[in-house]
Amino acid sequence: MTDGTDPAQTLRRLRGSIDNIDAALIHLLAERFKATQQVGVLKAEHGMPASDPAREEQQIARLRRLALEAELDPEFAEKWFNFVVAEVIHHHTAAARER
């Protein structure tokens, strides 16, 4: 990156790009949680368990493959998914209690 460009200017540009990506990720996560909240309500209405271990294992395998294709650490992708699923299960359990 030593092309003669001002490093401070390059840093601002890169940080601007990171900020835009972070904003997009937040909006995507919000959309994901809207969908999973609907799943939680459906499960609660029909007495289905909050967690679906078979589905979670399928998703982990799928996301690990996608991570490899995207040159992202599959361990990181799995950790991210497990973090999100824990929150989703929390929401599903709360939805079931409210019924």
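No experiment lies behind these values; they were computed from the predicted model shown.
- A continuous path of Ile, Leu, Val, Met, Phe, Trp and Tyr side chains, each step under 4.5 Å between heavy atoms, connects V84 with L66, placing both in one hydrophobic cluster.
- N20 CG to R15 CZ: the interatomic distance, rounded to the nearest 0.5 Å, is 14.5 Å.
- With rounding to the nearest 0.5 angstrom, the CD1 atom of I89 is 9.0 Å from the CG atom of D52.
- The minimum heavy-atom distance between H92 and A50, with the atom names listed, is ND1-O, 3.3 Å.
- In this structure, the separation between CG on L63 and CD on E78 is 9.0 Å, given to the nearest 0.5 Å.
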Does N82 form a side chain to side chain contact (heavy atoms under 4.5 Å, CB included) with I60? I'd like the steps, not just the answer. CA-CA 8 Å; N82 288 330; I60 287 170; 3.7 Å; yes

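- Under a hydrophobic clustering in which Ile, Leu, Val, Met, Phe, Trp and Tyr are joined whenever their side-chain heavy atoms come within less than 4.5 Å, directly or via other members, L72 and L29 fall into different clusters.
- In terms of hydrophobic clustering, with Ile, Leu, Val, Met, Phe, Trp and Tyr side chains grouped at heavy-atom distances under 4.5 Å, V88 and V41 are assigned to different clusters.
- A distance of 13.0 Å separates CG of L25 from CZ of R32, quoted to the nearest 0.5 Å.
- With contacts defined as side-chain heavy-atom distances shorter than 4.5 Å, the pair K43/P49 does not qualify.
- When every heavy atom of A77 is checked against every heavy atom of A67, the shortest pair comes out as CB-CB, 3.7 Å.
- For the residue pair E31/H27, the side-chain donor-acceptor check at 3.5 Å is not satisfied.
- With rounding to the nearest 0.5 angstrom, the CZ atom of R64 is 8.0 Å from the CG atom of D73.
- The hydrophobic clustering, which links ILVMFWY residues whose side-chain heavy atoms are closer than 4.5 Å, places V39 and F81 apart.
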